[in-house]
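Each remark here refers to the structure printed beneath this line.
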Amino acid sequence: MAGKRKKFFETKYVTNSVIVGRESSLIRRNFPFLETKLQNGILYCYGEYQPTEYSVTYKYRIKYNGFRSPSVTVLDPFIEYNDDIHMYPQNRSLCLYHKTDLVWDTQKHHIHELIVPWTHEWFIFYELYLLSGKWEHPFVAHNKNEKHE
């Protein structure tokens, strides 16, 4: 094999610890008011958001393992699940996008660019829902108990 060197590391191996570490750094750099914790290869991000001066302050947690889509859960106040407010019934995590719009890709998407702003936007539309009784943001119907007439 004179003249040819074989590359031993042609493929870049990326672990979930590398991914969540990068995301934690990006979140802290772009949103210093958010608290991040890395625990057992999982990123936990804690934040608060008050949509208006008349709104309650929502406390939330973003959980991300580096490979699956991040999950956002409202910690306080308790928001009861119903089909109209775009939460998942299994764990009451927020539905921020639909798979026909976006498929999470760790190489293309970052929590600080999409998940944090969309979480804050979700709270705005939730406040509007409390006033009007209707989810005002455009959405793809995917309710568990969809009514058929």
Side-chain angles (χ1 to χ4, degrees), residues 4-132 134-144:
K4 278 191 165 182
R5 291 187 87 176
K6 186 172 180 173
K7 291 184 180 180
F8 290 99
F9 297 104
E10 288 184 11
T11 305
K12 187 175 182 178
Y13 293 97
V14 180
T15 65
N16 73 315
S17 294
V18 170
I19 295 168
V20 298
R22 175 191 65 195
E23 291 300 319
S24 177
S25 178
L26 289 169
I27 290 168
R28 282 183 278 126
R29 187 176 326 140
N30 290 279
F31 295 105
F33 61 90
L34 297 177
E35 176 187 352
T36 62
K37 292 182 181 179
L38 296 172
Q39 187 175 6
N40 298 324
I42 297 176
L43 169 64
Y44 294 92
C45 176
Y46 296 91
E48 295 182 358
Y49 183 66
Q50 184 180 18
T52 72
E53 64 182 287
Y54 304 106
S55 304
V56 300
T57 298
Y58 296 94
K59 295 180 182 181
Y60 63 90
R61 179 191 72 201
I62 301 169
K63 182 179 176 183
Y64 183 51
N65 73 2
F67 297 116
R68 305 186 92 186
S69 299
S71 172
V72 181
T73 307
V74 180
L75 303 174
D76 189 57
F78 177 82
I79 298 176
E80 188 171 337
Y81 169 82
N82 79 53
D83 283 343
D84 294 334
I85 62 171
H86 295 273
M87 293 176 89
Y88 293 103
Q90 311 87 316
N91 59 7
R92 294 183 11 267
S93 64
L94 305 185
C95 176
L96 300 176
Y97 56 90
H98 192 265
K99 62 185 174 189
T100 59
D101 292 331
L102 176 77
V103 175
W104 186 264
D105 181 335
T106 59
Q107 299 300 314
K108 295 179 184 177
H109 303 118
H110 299 288
I111 291 170
H112 77 281
E113 292 175 326
L114 298 179
I115 302 303
V116 173
W118 289 353
T119 297
H120 292 184
E121 183 181 58
W122 189 97
F123 290 125
I124 293 168
F125 282 100
Y126 179 68
E127 291 276 320
L128 291 171
Y129 170 80
L130 293 175
L131 294 171
S132 72
K134 179 180 181 236
W135 194 259
E136 302 289 345
H137 192 276
F139 63 91
V140 175
H142 60 281
N143 295 340
K144 180 182 177 189

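Keep in mind that the numbers below use all heavy atoms, side chains included, and drop hydrogens, waters and symmetry copies. Numbering of residues begins at 1 and proceeds along the displayed sequence. Model, not experiment: these values are computed from the prediction.
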(request) Apply side chain to side chain donor-acceptor pair (under 3.5 Å) to S93 and list each qualifying residue two or more places apart in sequence or on a separate chain. (result)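 If we apply the side chain to side chain donor-acceptor pair (under 3.5 Å) test to S93, skipping adjacent residues, the hits are N91.
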
If the condition is ring pair (Phe, Tyr, Trp, His ring centres under 6.0 Å), which residues does [X] pass it with, not counting sequence neighbours?
X    : value
Y129 : none
F31  : F33
H110 : H112

Above 12 or not: heavy atoms from other molecules or residues under 6.0 Å from [atom1] of [X]?
X   : atom1 : value
N40 : CG    : no
Q90 : CD    : yes
R92 : CZ    : yes
Y54 : OH    : no

Closest heavy-atom pair and its distance - [X], [Y]:
X    : Y    : answer
V20  : G66  : CG1-N, 3.6 Å
P117 : L114 : CD-O, 3.4 Å
L38  : G21  : CD1-CA, 4.2 Å

(message) Between N16 and G41 (side chain of the first, backbone of the second, donor and acceptor by atom type, cut-off under 3.5 Å), is there such a pair?
(response)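 Flag set: sc N16 to bb G41 pair under 3.5 Å.
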
Looking at [atom1] of [X] and [atom2] of [Y], how far apart are the two atoms once the value is rounded to the nearest 0.5 Å?
X    : Y    : atom1 : atom2 : answer
I85  : L130 : CD1   : CG    : 8.0 Å
H109 : E23  : NE2   : CD    : 11.0 Å
K59  : Y46  : NZ    : OH    : 12.5 Å

(request) Take Y64 and T36, measure what side chain to side chain contact (heavy atoms under 4.5 Å, CB included) needs, and give me the verdict at the end. (result) CA-CA 11 Å; Y64 183 51; T36 62; over 6 Å; no

(request) Among residues two or more places apart or on two chains, list those pairs meeting side chain to side chain donor-acceptor pair (under 3.5 Å) that have a residue in residues 115-126. (result)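 Non-adjacent pairs meeting side chain to side chain donor-acceptor pair (under 3.5 Å): Y60-H120.
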
(message) Listing request: all side chain to side chain donor-acceptor pair (under 3.5 Å) pairs with a residue in residues 69-79, at least two apart in sequence or in separate chains.
(response)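 Side chain to side chain donor-acceptor pair (under 3.5 Å) check on residues 69-79 returns S69-Y97.
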
(message) Within the 4.5 Å heavy-atom criterion, are I124 and Y49 side-chain neighbours or not?
(response)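 Yes, at least one pair of side-chain atoms sits under 4.5 Å.
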
